[in-house]
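Everything numeric here is computed off the predicted structure, so don't read it as measured data. These numbers come from the heavy atoms of this one structure, side chains and all, not from hydrogens, waters or symmetry mates.
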Amino acid sequence: MMEINNVSSPEVFVLLGFSTRPSLEPILFILVSGFYVVSILGNGIIILVSCMDVHLHTPMYFFLANLSFLDISFTTSIVPQLLVNLWGPQKTISYGGCVVQFYISHWLGATECVLLAVMSYDRYVAICRPLHYTVIMHPQLCLSLALASWLGGLTTSVVGSTLTMLLQLCGNNHIDHFFCEMPLIMQLACVDTSLNEVEMYVASFIFVVLPLVLILVSYNHIVRAMVKIGLAEGRRKAFNTCSSHVAVVALFYGSIIFMYLQPAKSNSHEQGKFIALFYTVVTPMLNPLIYTLRNKDVKKALRCIVLENCCGFARSRGNI
């Protein structure tokens, strides 16, 4: 029995990542490190500003703070191990580390899909039913929607990841990717994975396709409402309200769709690694930039916080 367990659960996994291109690894190490730092700082600033400025205590910024926290958590579950593997010759990750990685990445990936749909509903209410916005999007509903996003993602992760963890791998421990992902673990199994595949397809429909449908339906209503707005100023304001969210949705779903619509060729798998690198490292870094560069409220709140802290520091130095 002990021998079977050892065979079915290797002590370490080898993440092949970009090892076939060793000259590229130092460049990727520098780029990924820079993106990671900017991502942590940018998303951290959005969370800080959303909490500290009372003018941003609205449903939109509540959900945005959730998205920023999610992006920090998602990149942190993948990037540190990726940097270790890019820096040195050792490309391994412990069995426990691999399990934690695919549990967390699956959880947060599903949560982000639902959260983006919730944010699109918030924009729909703001533009299509502005007079009832504060009544509909009350704090209890916002909290319930956020909790539903997090708990829904956690539920599908626990089910799917646990089924994956129970598979016998029969000593196979080489993963041709830079992080542990459920479909790749399933490919290592030497037993029937039909149940896992069915669960994965059902979960993908519920947590990827349905949220996308809800986003498209919401923006269909938003576009129709914008067309009916007579004043150009009103249309511009409505467009600015939604443009940041549309850009984030396009980045997130665009990379996923592009990755899964690739032909099943050997070079397409290598391309898939770079697309995965984009949505795990670059997209979380771009999200706060998109929301801050196009958002006057966030920039104004950030300036106020910086000025208050600088003035407070100067006064404390003067008292000394």
Can you run down the side chain to side chain donor-acceptor pair (under 3.5 Å) pairs that involve residues 29-46, sequence neighbours left out, and say none if there aren't any? Y36-T76, S39-N43, N43-S68
Could you report the tightest heavy-atom contact between P59 and C142, atom names first, then the distance? CB-SG, 3.5 Å
Are any side-chain N or O atoms of N66 and backbone N or O atoms of F62, one a donor and one an acceptor, separated by less than 3.5 Å? yes
What's the spacing between L28 CG and S23 OG if we round to 0.5 Å? 9.5 Å
Separation between CG (N196) and CD1 (I185), nearest 0.5 Å, reads 11.5 Å
Just wondering, do S120 and V249 contact through their side chains at under 4.5 Å, heavy atoms? no
Out of curiosity, L147 CG to L154 CG, how far, rounded to the nearest 0.5 Å? 11.5 Å
Nearest heavy-atom pair of I222 and C242: which atoms, and what distance? CG2-SG, 4.0 Å
Which heavy-atom pair separates I72 from T75 by the least distance, and what is that distance? O-OG1, 3.1 Å
Please report the interatomic distance CE(M137) to CZ(R123), rounded to the nearest 0.5 Å. 8.5 Å
Parallel, tilted or perpendicular: which fits the ring planes of W87 and F29, with parallel below 30° and perpendicular above 60°? tilted
Same cluster for I45 and V38 if Ile/Leu/Val/Met/Phe/Trp/Tyr side chains link at under 4.5 Å? yes
Using salt bridge (charged side-chain N to carboxylate O under 4.0 Å, His left out) as the criterion, list what pairs up with E197, not counting sequence neighbours. none
4.5 Å side-chain heavy-atom contact, T156 and H106: yes
Say whether, by atom type as modelled, one donor and one acceptor occur between the side chain of S77 and the main chain of F74 under 3.5 angstrom. yes
Any side-chain to backbone donor/acceptor pair from H57 onto C51? Under 3.5 Å, distance only. yes
Check: L169 and F13 side chains under 4.5 Å, non-hydrogen atoms: yes
H132 and V125: CA distance, side-chain angles, deciding distance, side chain to side chain contact (heavy atoms under 4.5 Å, CB included) verdict: CA-CA 8 Å; H132 302 93; V125 177; 6.0 Å; no
Flag, side chain of S255 to backbone of I275, donor-acceptor distance under 3.5 Å: no
When hydrophobic residues are tied together by side-chain contacts of less than 4.5 Å, even through go-betweens, does V37 share a cluster with V79? no
OG1 of T111 to CZ of F207, rounded to nearest 0.5 Å, is 8.0 Å
Check whether any side-chain heavy atom of I136 lies under 4.5 Å from a side-chain heavy atom of Y124, and answer yes or no. no
Looking only at heavy atoms, which two atoms of C128 and A225 are closest? And how far apart? SG-CB, 3.8 Å
Salt bridge (charged side-chain N to carboxylate O under 4.0 Å, His left out) partners of residues 124-141, not counting sequence neighbours, each pair once: none
Could you go through the side chain to side chain contact (heavy atoms under 4.5 Å, CB included) check for H55 and Y61 one step at a time? CA-CA 10 Å; H55 299 100; Y61 294 105; over 6 Å; no
So does L116 get a backbone contact from the side chain of H245, meaning a donor-acceptor N/O pair under 3.5 Å? yes
Using the six-membered ring wherever Trp is involved, compare the ring planes of W107 and W150 and label them parallel, tilted or perpendicular (cut-offs 30° and 60°). perpendicular
Quick one, F179 and L82 - any side-chain contact, counting heavy atoms below 4.5 Å? no
So, the side chain of T280 versus the backbone of A276: is there a donor-acceptor pair under 3.5 Å, distance only? yes
L188, V12: one ILVMFWY side-chain cluster at the under-4.5 Å cut-off? no
Does atom NE2 (H138) have a neighbourhood of more than 12 heavy atoms from anything else shown, all under 6.0 Å? yes
Please examine the side chains of T164 and M186, heavy atoms only from C-beta on, and report whether any two atoms are closer than 4.5 Å. yes
Counting only heavy atoms not in F69, do more than 12 sit closer than 6.0 Å to its CZ atom? no
Donor-acceptor check, side chain of K273 to backbone of H177, threshold 3.5 angstrom: yes or no? no
Looking at every non-hydrogen atom in both residues, tell me the closest pair between K91 and S19 and how far apart they are. CE-CB, 4.4 Å
Minimum heavy-atom distance V248-I290, with the two atoms named: CG2-CD1, 4.2 Å
Working for side chain to side chain contact (heavy atoms under 4.5 Å, CB included), residues V282 and L251: CA-CA 10 Å; V282 181; L251 280 172; over 6 Å; no
Got a donor-acceptor contact below 3.5 angstrom from the N173 side chain to the E11 backbone? no
Is it possible for you to say whether L64 and Y253 belong to one hydrophobic cluster, with membership spreading through side-chain heavy-atom contacts below 4.5 Å? yes
Taking side chain as C-beta onward, heavy atoms only, is L108 less than 4.5 Å from E112? no
If I take atom CD1 from residue I104 and atom SG from residue C180, how far apart are they, to the nearest 0.5 angstrom? 11.5 Å
ILVMFWY network linking I27 to M285, side-chain heavy atoms under 4.5 angstrom: yes
Side chains of D176 and L184: closer than 4.5 Å at any heavy-atom pair? no
Between F274 and F18, how do the two ring planes meet: parallel, tilted or perpendicular, split at 30° and 60°? tilted
